[in-house]
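For reference, the structure is listed below as structure tokens.
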Amino acid sequence: MSSPWQQATDTWTLYSEALAGLGQHLSEPVWNALMTELRECRGKIVVTGVGTSGIAARKIAHMLSCVERPAIYLNATDAAHGDLGFLRADDRMILLSRGGNSDELTRLLPGLAGRNVPIISVTENANSAIAKAARLVISTGVQREADPLNMLATTSIMLVIAIFDAACACLMSESGYTRETLLAVHPGGDVGLTLRQNR
């Protein structure tokens, strides 16, 4: 059995290799389609998932908000208890689920279809319910999770976050995003302090 240190370094190597492989796995047309969806959304970008995917959804919505995209995290359970009511056809729904068939997400699909809300699904299962309901499907191409059982969303979630971090970086670059822009939306913490001191 490997030592704990060896297991740790193996995990980091796995992450590095998986991240480096995104450029080969994702095609430029798929990337451009994702950027178009994020750039041209005239309503809200709503991000949801359950479990680890739900935690990633919060982070993605936060980052999009930081780059002045009108994004919000939606609790998938609450969505099935009335919160779908705020969605409109000019919104975008991003569904995160490695397997793509989580009950909490699939039960939202009829309501989303009824409101004509376009879906972007981030899943490894092209035959899943959320993939079939989406107009754009993003896959990370993950080959192995970092945990010994190859079951927990570890490597795959790192890749999902990396995809949307890159999208946010692109949005910042093409919009002429400045330090003043960031300070306006992020006045708190060390980020805000550093931006104010360097004005």
Side-chain angles (χ1 to χ4, degrees), residues 1-2 4-27 30-31 33-35 37-38 45-67 69 71-80 83 92-109 112 118-170:
M1 177 181 291
S2 300
W5 174 245
Q6 185 62 55
Q7 286 185 307
T9 57
D10 287 348
T11 296
W12 300 327
T13 298
L14 175 63
Y15 281 1
S16 296
E17 292 173 350
L19 287 166
L22 274 177
Q24 285 71 52
H25 175 74
L26 286 176
S27 69
V30 169
W31 180 256
L34 174 61
M35 291 303 301
E37 291 289 346
L38 298 177
I45 300 171
V46 183
V47 195
T48 192
V50 292
T52 308
S53 293
I55 295 169
R58 288 178 185 268
K59 198 271 187 186
I60 291 166
H62 169 73
M63 288 299 295
L64 287 167
S65 294
C66 285
V67 299
R69 296 287 96 190
I72 186 170
Y73 164 74
L74 177 63
N75 181 293
T77 300
D78 290 340
D83 281 1
R92 297 290 183 274
M93 173 65 79
I94 300 176
L95 301 176
L96 308 181
S97 173
R98 182 177 56 172
N101 290 310
S102 299
D103 290 342
E104 296 90 340
L105 300 185
T106 58
R107 66 183 174 182
L108 304 181
L109 297 177
L112 294 171
I119 296 171
I120 301 167
S121 291
V122 184
T123 180
E124 302 310 305
N125 184 357
N127 295 315
S128 64
I130 71 166
K132 291 178 179 178
R135 76 178 184 187
L136 176 63
V137 178
I138 304 292
S139 162
T140 69
V142 63
Q143 297 297 306
R144 173 157 184 90
E145 301 290 5
D147 71 284
L149 299 179
N150 191 28
M151 293 295 295
L152 297 175
T154 49
T155 315
S156 55
I157 283 298
M158 292 292 291
L159 295 175
V160 169
I161 290 172
I163 288 169
F164 284 93
D165 280 352
C168 287
C170 291

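To the nearest 0.5 Å, atoms OG (S65) and CD1 (I45) are separated by 8.5 Å. Atom CG in L96 sits 10.5 Å away from atom OG in S102 (nearest 0.5 Å). The line from CG of L136 to CD1 of I120 is 5.5 Å long, rounded to the nearest 0.5 Å. From L22, atom CG reaches atom OG of S139 across 9.5 Å, with rounding to the nearest 0.5 Å. In this structure, I138 CD1 and L34 CG are separated by 4.5 Å, a value rounded to the nearest 0.5 Å. Atom-to-atom distance recorded for S53:OG and I94:CD1 is 12.5 Å, nearest 0.5 angstrom.
In terms of heavy atoms, S121 sits closest to A131 at OG-N, 4.0 Å. Of all the heavy atoms in A146 and L14, the pair that sits closest is CA-CD2, 3.7 Å. Residues Y73 and A61 come closest through the heavy atom pair N-CB, 3.6 Å. The shortest heavy-atom contact between A167 and W31 is N-CH2, 3.5 Å. Residues L105 and S97 approach most closely at CD1-CB, 3.6 Å, considering heavy atoms.
In this structure, T123 contributes its side chain and R98 its backbone to a donor-acceptor pair below 3.5 Å. With hydrogens and angles ignored, the 3.5 Å screen pairs no side-chain donor or acceptor of T140 with any backbone N or O of V160. A donor-acceptor distance shorter than 3.5 angstrom exists from the side chain of N101 to the backbone of A129, with no hydrogens or angles considered. Using a distance-only test at 3.5 Å, with no hydrogens or angles considered, a donor-acceptor pair links the side chain of E124 to the main chain of G141.
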Next item on the list: Just do the side-chain contact (heavy atoms from CB on, under 4.5 Å) check on V67 and M63 with the steps written out, would you?
Entry: CA-CA 7 Å; V67 299; M63 288 299 295; 5.8 Å; no

Next item on the list: Assess whether side-chain contact (heavy atoms from CB on, under 4.5 Å) is satisfied between K59 and I55, documenting all intermediate values.
Entry: CA-CA 7 Å; K59 198 271 187 186; I55 295 169; over 6 Å; no

Notebook entry, point to check: Should L152 and T52 be marked as a side-chain contact (heavy atoms from CB on, under 4.5 Å) after you check the CA-CA gap, both sets of side-chain angles, and the distance that decides it?
Noted result: CA-CA 9 Å; L152 297 175; T52 308; over 6 Å; no

Next item on the list: Take L95 and V122 through the side-chain contact (heavy atoms from CB on, under 4.5 Å) test and state the conclusion after the steps.
Entry: CA-CA 6 Å; L95 301 176; V122 184; over 6 Å; no

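With hydrogens and angles left out, the side-chain atoms of E145 and T154 include a donor and acceptor closer than 3.5 Å.
Counted within 6.0 Å of CD on Q143, heavy atoms from surrounding residues, nucleotides or ligands total 12 or fewer; the atom is thus considered open.
For A80, the side chain to side chain contact (heavy atoms under 4.5 Å, CB included) test picks out R107, L108, with sequence neighbours left out.
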